[in-house]
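Quick caveat: nothing in here was measured; it's all calculated off a predicted structure. In what follows, chains carry the letters A, B, and so on, assigned in the order in which the sequence lines appear, proteins first and then strands, with residues in each chain numbered from 1.
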Amino acid sequence: MNVFLAAVSAHALVLALALLVALAAPPGRGRNLLAGGACLLLAGSGTVAGWVALTGAQGRISVPTPLAGLDLTLVPTPLGGLFTLVAGGVGVVCALYAIGYVQGASASRTSWSAFAVFIAGMMVVPLAADVVTFLVAWEVMAIGSTVLVFTEHQARASVRPAGLWYAVMTHLSFLLLAAGLGVLAAASSSTSFADIAAARSSGGLVSIGFVLAVLGFATKAGAVPLHVWLPRAHPEAPSHVSALMSAAMVKMGIYGILLLTRLLPSGPGWWALVVLGLGLPSALYGILQASVTSDLKRLLAYSTTENVGLILIAIAVAMLTPTRPGIAATALLAALLLTISHAAFKTALFLSAGSVLHGTGERDLDRMGGLALRMPVTTGVLAVGCLGAAALPVTSGFVAEWTLLQALIHADAHTDRLTTAVLPLVMGVVALTAGLALLTFTKAFGIASLARPRSPGAATAHEASPSMRVAMVVASLGVLAIGLLPGQLIRVLTTILPPGTARATGSGGLALPGADAALDPTAIIAFAVALTLPMVLTAYRLARRAPRQRSPLGWGCGGVRTSSRMQYTATSYAEPLTRVFADALAPTRDVTVTHVEESRHALQSMAYQQQLVDVVESRGYVRVVLLLDRVGDWGRTVQNGNIHRYLAFSFAALVVVLIGVLQ
Amino acid sequence: MSTTLAGSLAVAVQVLAITLAAPLIVGVNRQVRARLEGRAGAGVFQPWRDLRKLMRKNPITADGVILASTLSVALAAASGLLVALLPLATNLTAPGLRGDLFVVVSVLLLGSVLIALIGLDAGSAFGGMGSSRHMMVSALVEPTVLVAIYALSIPVGASTLSTILAARMSEPASIVSPVSALALVALLVAVIAETGRLPVDNPSTHLELTMIHEAMVLEASGRDLGWIELASWMRMTALLGLVANLAAPWGIAEEFTAPALAVGIVAVVVKIAMLAAVIGVVEIFLAKLRLFRVPELMAGSFVLGFLAVTASYLTVTP
């Protein structure tokens with residue numbers, strides 16, 4: 001029996017089981033355990049299917065539908081397999097986490113079934129072999145996730161607009177995709193991806209199809225300016241859902257764009273600029289918004305936009321350098337590594353953010369602090385995730401960004417003028433993004449975990465439940481493992497990349513022959529340990545000779561009233577940056593000073609308010625929505641409830657149809 | 001002796017030498033400034049005496065400070081690793097430590113993050129303030145650093161420091177080429193910003209409105225402060241050494257023999273000391289920039305780096 005067929009059938013069976021359990025089990029811990037276990041199995045079977053596809057399994061699954069000639073077909077490809085594998089891996093961790101995390105609305109039947117449907121849809125998208133199957137799976141994924149975003153709508157008023165934004169944007173994405181893929185299918189007169197690739201069609205129509213499809217995928221991926229749903233939906237969804245959406249679902253947009261570059265390999269040069277034009281602003285704007293926001297989950301959502309931007313940049317560099325196969329392959333590798341690495345550290349980050357929310361009831365960084373003492377496991381995971389997101393060694397984020405930079409500096413500037421003009425700019429943007437990411441995640445970790453608690457919730461924080469802890473630790477180990485042994489990962493990716501793109505060296509190191517560069521994290525770590533050892537010994541000896549003294553108060557330049565309210569908060573931490581980038585962020589500030597009645601020179605109180613809104617949303621989308629509103633209003637005048645008018649409409653329609661038929 | 005062992009030993013010797021020399025370099029800089037300001041100065045060895053004093057004192061930790069003491073040792077380790085990754089006294093490398101410039105930058109940034117976290121952990125207004133300013137400067141320096149690296153790596157086609165240095169040694173004329181000169185100036189500005197020297201930060205101020213580095217370490221005491229100070233001195237020495245070696249790549253030990261290593265160490269320490277003295281002289285005439293003028297300086301240095309990249313397209317024939 002075919003392995004792929006077996007894996008996918010198992011997946012379908014487990015989906016049925018998961019739905020049954022989610023619907024039938026009595027509420028409470030039992031349901032969470034059973035449904036969570038079933039979802040874990042579901043994601044696990046998807047992971048197996050992905051692994052099988054990645055390692056080059058053959059096969060074809062056709063599911064007949066009542067519509068003649070429209071079978072749903074699944075065919076394993078290595079690229080699709082990788083994305084299924086990534087989504088499955090994230091799904092396993094999130095399902096495990098959910099067992100201990102869900103409560104209230106997120107433990108309901110609806111929520112658990114939607115979770116199972118969401119996971120199943122997401123696993124199938126990258127295995128789809130034709131346009132119709134792809135769109136069906138895409139829509140299943142979209143519906144499942146929409147329901148999940150709405151989960152807690154009774155608890156918080158902010159959930160509904162977030163869910164609405166998500167529903168609208170995800171369907172905008174679907175429409176753009178249906179249009180774009182439809183155009184491509186029409187150009188090659190077949191809906192099968194293999195036929196579209198074989199047709200090698202070109203011309204204006206194909207370009208229209210490409211741009212529409214890229215925009216559709218970019219909407220799902222959360223690229224600027226189509227990202228507006230992301231910073232709303234991620235914070236409002238339950239954390240295990242946010243993790244799955246951010247780490248896995250968003251990647252389906254990336255998969256789509258990679259799929260397009262495979263289907264249409266010989267497009268004109270400006271296609272790369274379209275992708276780059278989405279990637280550069282996403283990276284910069286995403287991280288800029290992340291660096292100034294103080295809502296932890298919103299910060300992570302914007303960081304997703306940033307990472308998607310970096311992935312798009314890598315894909316664009318690969319598209320820009322077709323004459324330099326070594327560089328193009330390295331850039332493609334960078335895109336894949338960034339994808340995998342983001343999946344790993346964003347899972348760790350969202351899950352630890354969920355644990356913080358669970359333990360303190362706070363999402364606002366300005367009200368956290370001192371969690372390292374009260375939630376050591378969560379803090380450790382948060383630290384690893386932040387290191388990964390800031391692309392510092394030895395994490396997956398560093399390996400991925402290193403590969404991207406290698407591709408960038410070795411992309412030969414003398415290939416053509418376009419590349420020459422664009423690359424230094426790209427380098428600058430990537431560098432500024434990396435710098436701001438450093439600030440963002442130093443802020444996120446430092447403010448949340450260190451120093452003294454800034455609210456009662458943070459002061460009485462408690463550690464997460466065992467299943468949550470295990471899931472978080474697994475995610476963070478993934479981040480470290482990829483960072484430490486990238487060579488092992490490369491061995492898995494060889495089926496996707498052109499031969500000779502990268503090879504594993506020594507003890508899990510990574511070498512890029514195309515860019516003449518090598519990285520060996522284990523050697524760096526070994527040397528760092530050898531170096532640290534004498535220091536630690538010295539520190540230990542010194543500590544025995546002069547023991548540490550504790551004091552109840554910090555020095556604070558002689559201040560004796562140092563309360564925890566005097567600590568820097570996330571907002572104040574980002575204040576200098578808000579000023580530097582005031583033009584791009586457009587903050588609104590409001591300072592109200594109340595004087596003492598007797599004297600205008602003495603202050604009684606001062607209130608400071610700062611609001612940072614997404615400029616793209618407040619300046620762009622609001623206008624579009626207003627315009628649509630006006631069109632809708634105008635459209636209402638057509639329907640005034642007068643029966644005579646409706647009869648006139650039917651008559652006019654009949655006349656038009658008759659004219660059409662007669663011709 | 002195998003090359004692996006020789007490389008590792010050479011790097012270890014380099015780390016040891018730079019660790020010992022770092023306080024002296026700072027001493028030279030301070031002494032030059034003191035003399036030019038008309039003071040007698042505390043002598044070149046004062047930083048060493050300070051360090052010895054700090055390491056013997058009991059650290060006092062306020063309640064609520066959680067990780068600062070661990071982070072300060074980690075910071076010193078990160079600085080040590082930075083020294084190990086750079087070709088300062090020797091161009092030999094341990095296996096796997098090829099001195100890739102992006103790895104060097106990431107270790108440098110790791111140090112930045114660690115000290116920023118120490119500042120935040122203090123839980124006082126000053127610590128957070130310094131940390132926030134420090135990270136802002138670091139974020140804005142990053143484009144300059146990477147574009148300068150880009151410019152330096154184009155002519156040799158590799159981002160490995162030892163390769164870049166070897167190319168410069170074999171062809172000294174390339175050092176004064178426009179690409180190299182522009183990139184070096186950009187890099188120097190970046191180094192000055194990263195190490196908190198004038199005009200970005202004033203290392204000798206304790207005025208709350210202006211300080212960056214000092215604000216972060218205000219709550220640290222005893223050996224915690226000792227580790228932090230040693231780390232920041234080592235970091236400065238290593239970065240100045242990088243600039244000095246790129247500008248004058250001579251005397252670097254290419255083989256593992258005692259005389260070669262001795263020459264290498266002496267050469268690099270002398271070069272760094274001279275650079276530190278020059279910086280001391282320049283600092284006398286500079287005032288600290290207002291914090292919100294620093295982005296302009298960074299933008300300027302970025303433009304220099306960008307020009308270097310553009311110049312490399314003009315000079316290198318395809």
Side-chain angles (χ1 to χ4, degrees), chain A residues 370 372-373 390 392-393 398 402 405-406 409 413-414 420 424 427-428 431-432 434-436 438-439 442 446-447 450-452 506 509 516-520 523-524 527-528 531-532 535-536 539 542 546-557 562 566-568 572-573 575-577 579-580, chain B residues 15 55-64 66-67 73 76-77 80-81 84 94-98 100 102 106-107 109-110 113 116-117 120-126 128-129 132-133 135-136 138-140 142-143 146-147 150 153 157-159 218-219 222-223 291-292 295 302 306 309 313 318:
Chain A
L373 275 184
L392 288 173
F398 172 67
W402 178 82
L405 288 170
Q406 290 295 349
I409 64 163
H414 301 285
T420 313
M427 189 77 176
L432 187 57
L436 291 176
L438 214 58
L439 180 142
T442 307
I447 300 277
L450 302 179
R452 284 170 293 163
D516 186 28
L519 178 69
D520 194 351
I524 297 176
F527 203 84
L531 201 71
T532 317
M535 288 188 175
V536 171
L542 290 170
R548 182 171 299 277
Q549 296 176 359
R550 310 284 313 186
S551 109
L553 274 181
W555 178 55
C557 278
T562 49
M566 287 171 73
Q567 299 177 97
Y568 250 46
S572 44
Y573 202 80
E575 203 272 345
L577 209 65
R579 275 215 224 179
V580 172
Chain B
V15 174
M55 287 297 192
R56 286 175 176 175
K57 283 181 81 168
N58 312 49
I60 301 177
T61 312
D63 284 344
I66 302 170
L67 286 176
V73 181
L81 189 61
L97 297 177
R98 286 214 319 179
D100 185 284
F102 295 124
S106 70
V107 172
L109 293 176
L110 192 63
V113 168
L117 289 178
L120 268 179
D121 200 18
S124 74
F126 288 114
M129 184 181 72
S132 148
R133 293 173 174 181
M135 286 317 291
M136 183 192 81
S138 287
L140 297 178
E142 178 98 349
L146 286 197
V147 170
Y150 186 21
S153 64
S159 62
L218 215 49
E219 293 287 328
R223 65 173 172 276
L291 185 68
F292 292 103
F302 177 73
F306 206 82
V309 173
Y313 294 156

Out of [options], which one racks up the most heavy-atom pairs below 4.5 Å with chain A?
options	value
A122(B), A116(B), A62(B)	A62(B)
S153(B), S132(B), A158(B), G128(B)	S132(B)
L291(B), V15(B), L140(B), L110(B)	L110(B)
V147(B), V113(B), V309(B)	V113(B)
V73(B), L81(B), L67(B)	L81(B)

State the CE-CZ distance between M566(A) and F126(B), to the nearest 0.5 angstrom.
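The distance works out to 8.0 Å.
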
To the nearest 0.5 Å, what is the distance between CG on N58(B) and CD on Q549(A)?
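That separation rounds to 4.5 Å.
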
On a heavy-atom basis, which atom in [X] and which in [Y] lie closest, and how many Å separate them?
X	Y	value
A431(A)	P143(B)	CB-CA, 3.4 Å
I66(B)	A372(A)	CG2-CB, 3.9 Å
M136(B)	P576(A)	SD-CB, 3.4 Å
P59(B)	P547(A)	CD-O, 4.2 Å
P424(A)	Y150(B)	CA-CE2, 3.9 Å

Heavy-atom pairs under 4.5 Å with chain B are the metric here; pick the option from [options] that has the most.
options	value
M535(A), R548(A), R579(A), M427(A)	R548(A)
L542(A), L436(A), L577(A), V580(A)	L542(A)
G509(A), A390(A), P393(A)	P393(A)
V536(A), L405(A), T532(A)	L405(A)

Structural part of [X] lying under 4.5 Å from a heavy atom of chain A:
X	value
P295(B)	side chain
F102(B)	both
S106(B)	both

Exam field: side chain R452(A) to backbone S124(B), donor-acceptor pair closer than 3.5 Å:
no

May I ask you to decide if A451(A)'s main-chain N or O and D121(B)'s side chain share a donor-acceptor pair within less than 3.5 Å?
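Side chain of D121(B) to backbone of A451(A): a pair is present.
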
Answer with side chain, backbone, both or neither: which region of S572(A) has an atom nearer than 4.5 Å to a non-hydrogen atom of chain B?
backbone

Segment of Y573(A) engaging chain B (4.5 angstrom heavy-atom cut-off):
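Interface part for Y573(A): both.
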
Min side-chain heavy-atom separation [X]-[Y] under 4.5 Å:
X	Y	answer
M135(B)	L438(A)	yes
L432(A)	F302(B)	no
L439(A)	S138(B)	no

State whether a side-chain donor-acceptor pair under 3.5 Å links Q406(A) with S159(B).
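Yes, because at least one side-chain N or O of Q406(A) sits under 3.5 Å from a partner of the opposite role on S159(B).
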
Could you go through the side-chain contact (heavy atoms from CB on, under 4.5 Å) check for D100(B) and W402(A) one step at a time?
CA-CA 10 Å; D100(B) 185 284; W402(A) 178 82; 3.2 Å; yes

